[in-house]
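Single-structure report; data block below.
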Amino acid sequence: MTVSGPAGPPPHAVPRGPDWGAGGPPPPGVPVPPPGVPVPPPGPGVSPPFAAPPTEGRTTRLWIGLGVAALAVVLCCGGGGAALLGLAVTGTQAVNERARVVVGEYFDAVEQEEYDKAYALLCGDVRRRESPPEFERRVAAEPQITSYTVRDATIANEVIVPVDVTYARGGGRTVRVVLAQDSGTGEFEVCGVR
């Protein structure tokens, strides 16, 4: 059976006009869908209700974001490595400086014949093997030192400080001073001169 009715667009094809799509009333003669029925999207040639998102510069922003993230990772990880390296270098410099000071004090005391001061800078093992009078006799019998130059320490299993020594009778040589750290005070002590 055929139902006759007014000729026009079917009720589900609701055209949109410029005023109606913007929230205005529908033009006269345009059927309005019942509430709850979705309105189909506009057809070709109709302008969209919003602007299309920009596409230019999208890859540039992506690469900039990736570069910033990589920089953050390098700063976090590399910064930690740099900090550890800095601590190691600073620690080595502090050990070297303290070792040079102790060796300088020892040679100053020997050069000025202040044997009690030099003996006090010896480590416990050496002091147990040699009494203060024995130390004084031994060092007094050695050639007299007129000048010396303390060089940088080498730090491995033991701390060794090279010292260029010049003697009063002429000539000179490089001696190696072996240091050990006192377990009680943490200060370096002279354990031998080679």
Side-chain angles (χ1 to χ4, degrees), residues 54 56-194:
E56 72 277 347
R58 184 176 296 186
T59 56
T60 304
R61 287 191 301 269
L62 173 69
W63 284 110
I64 289 173
L66 289 174
V68 168
L71 179 65
V73 167
V74 166
L75 286 177
C76 290
C77 297
L84 288 176
L85 179 64
L87 284 174
V89 168
T90 304
T92 302
Q93 288 174 343
V95 167
N96 185 37
E97 180 181 329
R98 189 61 204 141
R100 290 175 55 133
V101 166
V102 169
V103 170
E105 289 173 355
Y106 177 81
F107 275 90
D108 281 346
V110 169
E111 186 179 13
Q112 296 166 7
E113 299 179 359
E114 296 175 340
Y115 300 118
D116 55 336
K117 287 183 180 178
Y119 187 80
L121 294 169
L122 297 175
C123 64
D125 289 343
V126 174
R127 285 186 289 190
R128 281 188 284 280
R129 288 191 310 248
E130 190 172 40
S131 69
E134 292 170 333
F135 172 77
E136 183 176 339
R137 274 193 304 275
R138 180 178 59 82
V139 174
E142 293 175 353
Q144 186 179 6
I145 297 172
T146 56
S147 67
Y148 65 90
T149 303
V150 181
R151 297 191 314 200
D152 287 340
T154 54
I155 303 166
N157 294 338
E158 55 189 5
V159 178
I160 298 177
V161 181
V163 181
D164 298 326
V165 179
T166 306
Y167 298 107
R169 62 172 161 71
R173 69 182 184 121
T174 299
V175 296
R176 301 196 185 313
V177 180
V178 180
L179 299 177
Q181 206 167 13
D182 185 320
S183 58
T185 64
E187 292 294 322
F188 282 115
E189 297 174 324
V190 176
C191 288
V193 179
R194 302 177 187 159

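Owing to the predicted nature of the structure, the values given are computational and were not obtained by experimental measurement. Reckoned from all heavy atoms, side chains included, excluding hydrogens, waters and symmetry mates.
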- Query: Got a second to check how far N157's CG is from I160's CD1, nearest 0.5 Å?
  - Reply: 9.0 Å
- How many angstroms lie between atom SG of C123 and atom CZ of R128, to the nearest 0.5 angstrom?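 Output value for this atom pair is 8.0 Å.
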Can you find a pair of side-chain heavy atoms, one from [X] and one from [Y], that are under 4.5 Å apart?
{"X": "R129", "Y": "E134", "answer": "no"}
{"X": "R100", "Y": "D152", "answer": "yes"}
{"X": "F107", "Y": "V165", "answer": "yes"}
{"X": "D116", "Y": "Y119", "answer": "no"}
{"X": "R151", "Y": "R176", "answer": "yes"}
{"X": "R173", "Y": "V175", "answer": "yes"}

Can you see which heavy atom on [X] is nearest to which on [Y], and at what distance?
{"X": "V178", "Y": "E158", "answer": "CG1-OE1, 3.6 Å"}
{"X": "V126", "Y": "C191", "answer": "CG2-O, 3.5 Å"}
{"X": "E136", "Y": "Y115", "answer": "CG-CD1, 3.3 Å"}
{"X": "A99", "Y": "V159", "answer": "CB-CG1, 4.2 Å"}
{"X": "E111", "Y": "S147", "answer": "OE2-N, 3.9 Å"}
{"X": "N96", "Y": "A153", "answer": "OD1-N, 2.7 Å"}

- Query: Are the side chain of R127 and the backbone of L122 linked by a donor-acceptor contact shorter than 3.5 Å?
  - Reply: yes
- Short side-chain to backbone donor-acceptor contact, E189 and A180, under 3.5 Å: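 No: the side chain of E189 does not pair with the backbone of A180.
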- Task: Could you tell me how the ring of F135 sits relative to the ring of Y106: parallel (under 30°), tilted (30 to 60°) or perpendicular (over 60°)?
- Result: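 Answer is tilted, since the angle falls between 30° and 60°.
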Please tabulate, one pair per line, all N/O donor-acceptor pairs under 3.5 Å involving side-chain atoms of residues 139-146, not counting sequence neighbours.
unit_1, atom_1, unit_2, atom_2, d
E142, OE2, R138, NH1, 3.3
T146, OG1, T166, O, 3.1

- Message: Atom CD of residue position Q112 - does it have more than 12 heavy atoms of other residues, nucleotides or ligands inside 6.0 Å?
- Response: yes
